[in-house]
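What follows is a single structure, written as structure tokens, with notes after it.
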There are 2 protein chains.
Amino acid sequence: MHDHVSNRIRAFEDLCHRQSIPVTVQRRTVYEALIGVTTHPSADGVYELVKDLLPGISRTTVYRVLDRLVEMGVIRRLPHPSCACRFDGNTQRHHHLVCRGCGEVSDVFDLRYDALPMPTGRLSGFRVEDYSVVFTGICSACRNRN
Amino acid sequence: MHDHVSNRIRAFEDLCHRQSIPVTVQRRTVYEALIGVTTHPSADGVYELVKDLLPGISRTTVYRVLDRLVEMGVIRRLPHPSCACRFDGNTQRHHHLVCRGCGEVSDVFDLRYDALPMPTGRLSGFRVEDYSVVFTGICSACRNRN
DNA sequence: CTCCGTGCAAAAGGTTTGCACTGGT
DNA sequence: ACCAGTGCAAACCTTTTGCACGGAG
């Protein structure tokens with residue numbers, strides 16, 4: 001196993017202890033699988049990754065573990081435009097605020113984000129057609145609710 | 001009706017004609033509903049918007065019309081992190097390329113996007129915690145496939 | 001030992017598909 | 001008149017929930 005991987009596993013376990021979160025095989029395995037790939041799998045994709053390493057693990061557990069890892073901040077949920085998603089009738093370039101509490105989306109019109117340089121290098125033939133900046137955070141209603 | 005709305009409707013109908021896509025009441029109504037709101041509704045939210053204007057319209061049709069409008073390029077699908085989504089084991093700041101053909105996600109590490117200014121104004125108490133840039137386009141495999 | 005995490009099964013939610021009918025061109 | 005679009009119902013797929021058992025602290 002690569003050093004940086006085992007370092008991250010160790011850091012993960014430390015974090016669990018500090019937060020009094022039991023370290024289970026399932027959690028360690030899901031975490032390790034996820035840091036070992038750069039394919040940004042869906043929940044089901046993660047299940048596919050771990051089901052061979054941990055025969056008998058259930059999808060339910062994978063979903064719960066993923067939620068937990070996101071909550072702990074050791075993995076991230078990615079915005080992905082293909083999924084159960086939102087629609088926008090405004091096709092001018094603009095950007096979005098997304099509240100991690102309620103999921104509400106609001107628009108950001110700010111010229112400073114409208115002329116970002118195009119990404120360069122290692123794009124393997126990917127042709128960029130558009131982009132948008134997604135700001136995540138918490139809205140005032142959700143902040144007050146807690 | 002506001003002028004810019006009726007202008008957009010007219011432009012929409014022109015585009016349909018140019019692309020030989022029949023203009024149906026359902027398509028016009030969904031499009032008009034979507035350009036009339038800034039709430040970024042989900043598919044079901046769009047259904048809620050139009051079902052009073054067009055009693056009897058089915059959810060199925062709303063889904064199909066939305067797909068069609070996205071295809072035509074007159075509305076957009078928004079990346080939204082709460083939905084059937086992808087996970088990323090890398091919590092360092094980085095950005096993503098998403099192919100609109102196959103949905104594959106790849107990473108972009110580019111320091112030029114790592115220190116964007118925070119959005120200002122009209123945030124209504126929203127506290128920004130993080131952001132990422134999502135580049136959309138088409139990968140070489142999908143481009144060659146067509 | 002206690003409590004939280006897990007597995008299973010079932011429910012829920014959202015989206016897609018097959019088929020007959022309707023409506024736009 | 002023709003073909004694409006629509007409505008309905010059912011299928012499908014992903015995610016969530018309830019409950020009993022088992023393993024981590």
Side-chain angles (χ1 to χ4, degrees), chain A residues 9 12-31 33 40-72 74-75 77-87 102-103, chain B residues 9-10 12-33 40-72 74-75 77-78 80-87 103:
Chain A
I9 302 281
F12 168 68
E13 295 180 351
D14 289 350
L15 184 62
C16 287
H17 294 139
R18 250 175 289 133
Q19 303 191 350
S20 307
I21 292 169
V23 178
T24 63
V25 219
Q26 290 86 344
R27 286 180 180 150
R28 202 183 314 105
T29 308
V30 166
Y31 179 65
H40 312 84
S42 63
D44 221 70
V46 175
Y47 173 72
E48 291 299 319
L49 289 175
V50 297
K51 75 160 196 250
D52 296 324
L53 305 169
L54 223 55
I57 193 173
S58 74
R59 273 190 178 73
T60 314
T61 298
V62 172
Y63 282 103
R64 281 187 288 221
V65 167
L66 288 170
D67 281 345
R68 201 63 130 111
L69 299 181
V70 169
E71 211 176 276
M72 295 174 65
V74 298
I75 68 170
R77 235 173 248 283
L78 283 192
H80 191 275
S82 75
C83 50
C85 56
R86 308 301 188 96
F87 295 89
C102 57
Chain B
I9 303 280
R10 192 158 37 253
F12 168 68
E13 294 180 352
D14 288 350
L15 184 63
C16 287
H17 293 139
R18 249 175 289 133
Q19 303 190 351
S20 308
I21 293 170
V23 178
T24 63
V25 220
Q26 290 86 344
R27 287 180 179 150
R28 202 182 313 104
T29 308
V30 166
Y31 179 65
E32 190 173 340
H40 311 86
S42 62
D44 220 71
V46 175
Y47 173 71
E48 290 300 318
L49 289 174
V50 298
K51 74 162 197 246
D52 296 324
L53 305 169
L54 222 55
I57 192 174
S58 75
R59 273 191 177 72
T60 314
T61 298
V62 172
Y63 283 103
R64 282 188 286 222
V65 167
L66 287 170
D67 281 346
R68 200 63 131 114
L69 298 181
V70 168
E71 210 176 276
M72 295 173 66
V74 297
I75 67 169
R77 238 172 246 284
L78 282 193
H80 190 276
S82 75
C83 50
C85 56
R86 308 300 189 97
F87 295 89

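Per chain, numbering begins at 1; letters A, B, ... match sequence-line order.
- What separates CE of Met72(B) from C1' of dG5(D) is a distance of 14 Å, to the nearest Å.
- Over its full length, the helix from dC1(C)-dG25(D) to dT25(C)-dA1(D) turns its helical axis through 50°, comparing axes from the five pairs at each end and rounding to 10°.
- The distance from atom CD of Gln19(A) to atom P of dA24(D) is 19 Å, rounded to the nearest whole Å.
- The nearest whole Å value for the distance from the CG atom in Leu69(A) to the P atom in dG5(C) is 12 Å.
- By the side chain to side chain donor-acceptor pair (under 3.5 Å) test, Asp14(A) is found to be paired with no residue, residues two or more places apart in sequence or in another chain being considered.
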Which side-chain N or O atoms in residues 17-27 of chain B pair as donor and acceptor under 3.5 Å with protein atoms at least two apart or in another chain?
residue, atom, partner, partner atom, Å
His17(B), ND1, Glu13(B), O, 3.1
Thr24(B), OG1, Arg27(B), N, 3.1
Arg27(B), NH1, Pro22(B), O, 2.7

Atom pairs, N/O to N/O, protein against nucleotides 6-8 of chain C, distance under 3.5 Å?
residue, atom, partner, partner atom, Å
dT6(C), OP1, Thr24(A), OG1, 2.7
dT6(C), O3', Gln26(A), NE2, 3.0
dG7(C), OP1, Gln26(A), NE2, 3.3
dG7(C), OP2, Ser58(A), N, 3.4
dG7(C), OP2, Thr61(A), OG1, 2.3
dG7(C), N7, Arg64(A), NH2, 2.8
dG7(C), O6, Arg64(A), NH1, 3.4
dG7(C), O6, Arg64(A), NH2, 3.3

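- In this entry the distance linking OH of Tyr47(A) with P of dT14(D) reads 12 Å, nearest Å.
- The OG1 atom of Thr29(B) sits 11.5 Å away from the CG atom of Leu49(B) when rounded to the nearest 0.5 Å.
- Scanning both residues, Ala33(B) and Val50(B), for their nearest heavy atoms gives CB-CG1, 3.7 Å.
- Tyr31(A) and Ile9(A) make their closest contact through CD2-CD1, 4.2 Å (heavy atoms, listed as atom of the first residue, atom of the second, distance).
- Distance OH (Tyr63(B)) to P (dA10(D)): 18 Å, rounded to an integer number of Å.
- Atom-to-atom, CG of Asp14(A) to P of dG25(D) comes out at 13 Å; the value is rounded to the nearest Å.
- In this view, Leu66(A) and Val30(A), Leu34(A), Ala43(A), Val46(A), Val62(A), Ile75(A), Phe87(B) satisfy the side-chain contact (heavy atoms from CB on, under 4.5 Å) rule, not counting sequence neighbours.
- Applying the salt bridge (Lys or Arg N to Asp or Glu O under 4.0 Å) criterion to Arg68(A), with sequence neighbours excluded, gives Glu71(A).
- One atom, CG of Asp67(A), and another, P of dG5(C), lie 12 Å apart when rounded to the nearest Å.
- Here side-chain hydrogen bond (donor to acceptor under 3.5 Å, both in side chains) pairs that include residues 53-65 of chain B, with residues two or more places apart or in two chains, are Asp44(B)-Arg59(B), Ser58(B)-Thr61(B).
- Residues satisfying the ring-ring contact (aromatic ring centres under 6.0 Å, His included) test with Tyr47(A), not counting sequence neighbours, are none.
- Note: CD (Glu71(B)) to P (dG5(D)) measures 10 Å, nearest angstrom.
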